[in-house]
Amino acid sequence: MKKFESIHLDRDSNTPLYIQIYEGIVKLIKQNILKPGEKLPPIRKMASELKVNTVTIVNAYKLLEKEGYAVSRVGSGTFIKSSVKESAKYSLKNDRDYEGKKVKFDFATASVSPDYFPVDIFKDALNRVLDREGGYAFAYNESPGYLPLRESLQEYLYREYNIETSVDAVNVVSGAQQGIDIISKALLDFGDVVYVESPTYPGAVDAFKSRGAKIIEIPIKDDGIDLDDFYSKLRSKPPKLFYTMPNFQNPTGFSYSEQKKKELIALSKNYGFFIIEDDHMNDLFYVEKPVPLKSYDDDNRVFYIKSFSKILMPGLRLGFLLAPPDFSEKIAEVKYFSDIASSGLNQRVLDLMIREKTFYEHVKRIRQIFSAKWEIMKESLQKYIDPKATFTVPQGGLFFWVFLPQGYYAMNLYANALKKGIFIMPGDYFFTDNRPSRCFRLSIAQVPKEKVEEGVKLLSNIISDFLKEFSSYPIKKSSYSPLL
């Protein structure tokens, strides 16, 4: 620890302590006192040496990673990078690949297990499409999509959500991610402001950043965004776009109240911004069928994106985008230059499934399956989880959002859980700056129903041990705490 004696903290300074520690370590790296590949002291040991709490060290190390000076290796610690420009070799995917078959309970993955794919239904529809159309099934479609499917989707919107729209407004896309990307390319210029929920889906943030947009986070509560914070930021700098998942939000599982949905539509009119509504799993409701934000849109302020990945098969890469009339032509143009058109064969198969109602039968079956898993997950968390931790109970979807007590860091728990064969998703990855979070997401997408309780019980024991391990290091109020 002698190398770190040169780090002197000014506790009266306006500069947060974690920044001072970060700057001190960077100075040691540039002076070549800390060598490439050298391991930084464990968090608790460093906190004790500098007489700060563990969260301060976590934030300092996290900033070193963000700026490219260090890399965190699960189960091993934090190391000085061999090159500041070196790309991070350790990610959640790497961890999972590294652990391989050691992962017994996958509570991290958001995609549904292949065990639930409607293979027989799809195969029957596929064969019938090929018998009916032969080689023509593989021909190019119009860029907005196969017309009969767009007509089926028009009927679907009215049947399910009482949304009336023209066929021309329906654009078939290769998944929700492409839909977000197309809207970004069609609407955003460099420097435009985009509001997002905090936490949120990182794929959307990446799409907005690729257009040079400025991202502003709006905290989300259990009934929707924090409207006080939203109002405050609107008065300062209204956005061009607001990206939202108003029902069963990813990662929190929160859903907007009817009042907040209506108020959001009214604000979009008053301040002149547009809304991207990402409907990633409205079909998976377990209490009450949700109403899309688009259902309240009487002034064409909402771009509505619907993905079929969670309820059909992710590899189909099919979804659709409902655009305001003034943007239909531009959306079609951007889609054309992205990939010309989505798979014509897959579109024909989905169209047949919708028309013959096998699609609706499958959705009903999937909802029943996941409703049972949701119930077990809810009851297991209520039964086993340490009382110091809290969690959300979503009304649908796949995700439960768990809160550790203030001062504890979900990434550390993630490492402990992975060693025991449990895969969770730390909350860091759902904030635009990947800041340290005490929260993590649990998904019911992959774990079989009969293993949910066992997995939750094991995870709960890991959480309890984790909280006890750090209990001798009380977290005191400091100049910095993670924003959640």
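Quick note: numbers below take in every heavy atom, side chains included, and nothing from hydrogens, waters or symmetry partners.
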Other residues, nucleotides, ligands: >12 heavy atoms within 6.0 Å of [X] [atom1]:
X	atom1	value
Q259	CD	no
K420	NZ	no
K214	NZ	no

Are Y18 and Y61 near enough that their ring centres are under 6.0 Å apart? no

Identify whether the distance between the nearest side-chain nitrogen and carboxylate oxygen of E160 and K306 falls below 4.0 Å. no

Any ion pair linking D428 and K62 (charged N to carboxylate O, less than 4.0 Å)? yes

Test: K289 cationic atom under 6.0 Å from Y161 six-membered ring centre, within 45° of axis: yes

Quiz item: cation-pi between R301 and F274, 6.0 Å / 45°: yes

Quick one: which residue pairs count as a salt bridge (Lys or Arg N to Asp or Glu O under 4.0 Å) with a foot in [range], not counting sequence neighbours?
range	result
residues 447-458	K383-E453
residues 186-202	D189-K240, D192-K240
residues 256-269	D223-K260, E258-K262, K269-D298
residues 11-39	K3-E38

Could you label the plane-to-plane angle of the [X] and [Y] rings as parallel, tilted or perpendicular, counting under 30° as parallel and over 60° as perpendicular?
X	Y	result
Y304	F320	tilted
F230	F273	perpendicular
Y243	Y201	tilted

Are D278 and Q177 close enough, and set up right, to give a side-chain contact (heavy atoms from CB on, under 4.5 Å), and what steps lead you there? CA-CA 10 Å; D278 187 347; Q177 183 65 48; over 6 Å; no

Applying salt bridge (charged side-chain N to carboxylate O under 4.0 Å, His left out), name anything that partners D228, two or more places apart in sequence or on another chain. none

Out of F254, Y286, F248, which residue meets the side chain to side chain contact (heavy atoms under 4.5 Å, CB included) rule with Q395? F248

Under the rule for side chain to side chain donor-acceptor pair (under 3.5 Å), what residues qualify as partners of K310, not counting sequence neighbours? none

Within the 4.5 Å heavy-atom criterion, are F403 and F440 side-chain neighbours or not? no

Are any of the side-chain heavy atoms of P426 and Y409 separated by less than 4.5 Å? no

